[in-house]
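Handing you a structure now.
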Amino acid sequence: MDAKQTLILVIEDDEHIGQILIYMLERQGYRTLLAADGLAARKAIEEASELPSLVLLDVMLPYIDGFEVVRLIRACPEWKDVPVLMLTAKHTEQDIVRALDAGANDYVVKPFQPNELLARVRRYLREQQ
């Protein structure tokens, strides 16, 4: 998959972390779209003119939390195969199991290691080819 054609939806309410993620991904040549809360995420899902190749999703979001956003994504037939990588400070086994059961493909705990996160992104994008 050509990075220039790859769109990644980043759903993150922490402005600083969101900007770091956008910077990291765009430096790798990916296109990005940022949703800053659960309502913006729902709107991005419902009104998408282009499906992202991957979603990076925070759990603790205003209005609609990340667990519910995963359910919204998985409820849309056209989105069912889009990998969802949860990225969150919540790190209990219960949170991880809840995210995976809701439909997330993977779970990365903050603070994350940038190179590890990028490796996971590349892995999911390769699996889509």
Under the side chain to side chain donor-acceptor pair (under 3.5 Å) rule, what pairs show up with a residue in residues 93-102, not counting sequence neighbours?
Thr92-Asp95
Qualifying residues under side chain to side chain donor-acceptor pair (under 3.5 Å), relative to Asn105, sequence neighbours excluded
Arg74
What heavy-atom pair brings Ala40 and Ala36 nearest, and what distance separates the two atoms?
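Reported closest heavy-atom pair: CB-N, 4.0 Å.
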With sequence neighbours excluded, residues passing side chain to side chain donor-acceptor pair (under 3.5 Å) with Asp37:
none
Got a sec, which residues hit salt bridge (charged side-chain N to carboxylate O under 4.0 Å, His left out) with Glu46, two or more places apart in sequence or on another chain?
none
What residues form a salt bridge (charged side-chain N to carboxylate O under 4.0 Å, His left out) with Glu116, not counting sequence neighbours?
Arg120
With sequence neighbours left out, the residues meeting side chain to side chain donor-acceptor pair (under 3.5 Å) with Glu50 are Arg31
The criterion is salt bridge (charged side-chain N to carboxylate O under 4.0 Å, His left out); which residues satisfy it with Lys43, sequence neighbours excluded?
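Residues passing salt bridge (charged side-chain N to carboxylate O under 4.0 Å, His left out) with Lys43: none at all.
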Does the side chain of Leu117 come within less than 4.5 Å of Leu56's, by heavy atoms?
yes
My understanding is that only residues two or more places apart in sequence, or in another chain, count here; which of them pass side chain to side chain donor-acceptor pair (under 3.5 Å) with Tyr124?
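Partners of Tyr124 by the side chain to side chain donor-acceptor pair (under 3.5 Å) criterion, ordered by chain and then number, come out as Asp106.
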Salt bridge (charged side-chain N to carboxylate O under 4.0 Å, His left out) with Glu26: which residues, sequence neighbours excluded?
none
Table please: side-chain donor-acceptor pairs of residues 62-70 below 3.5 Å, with sequence neighbours left out.
{"residue": "Asp65", "atom": "OD1", "partner": "Phe67", "partner atom": "N", "Å": "3.1"}
{"residue": "Asp65", "atom": "OD1", "partner": "Glu68", "partner atom": "N", "Å": "2.9"}
{"residue": "Glu68", "atom": "OE1", "partner": "Arg71", "partner atom": "NH1", "Å": "3.4"}

Of all pairs that satisfy salt bridge (Lys or Arg N to Asp or Glu O under 4.0 Å), the ones with a partner from residues 8-18, not counting sequence neighbours
Glu12-Lys110
Closest heavy-atom pair, Leu61 versus Gly38, reported as atoms and distance to 0.1 Å, is CB-N, 4.0 Å
Side chain to side chain contact (heavy atoms under 4.5 Å, CB included) with Arg126: which residues, sequence neighbours excluded?
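Partners of Arg126 by the side chain to side chain contact (heavy atoms under 4.5 Å, CB included) criterion, ordered by chain and then number, come out as Arg122, Arg123.
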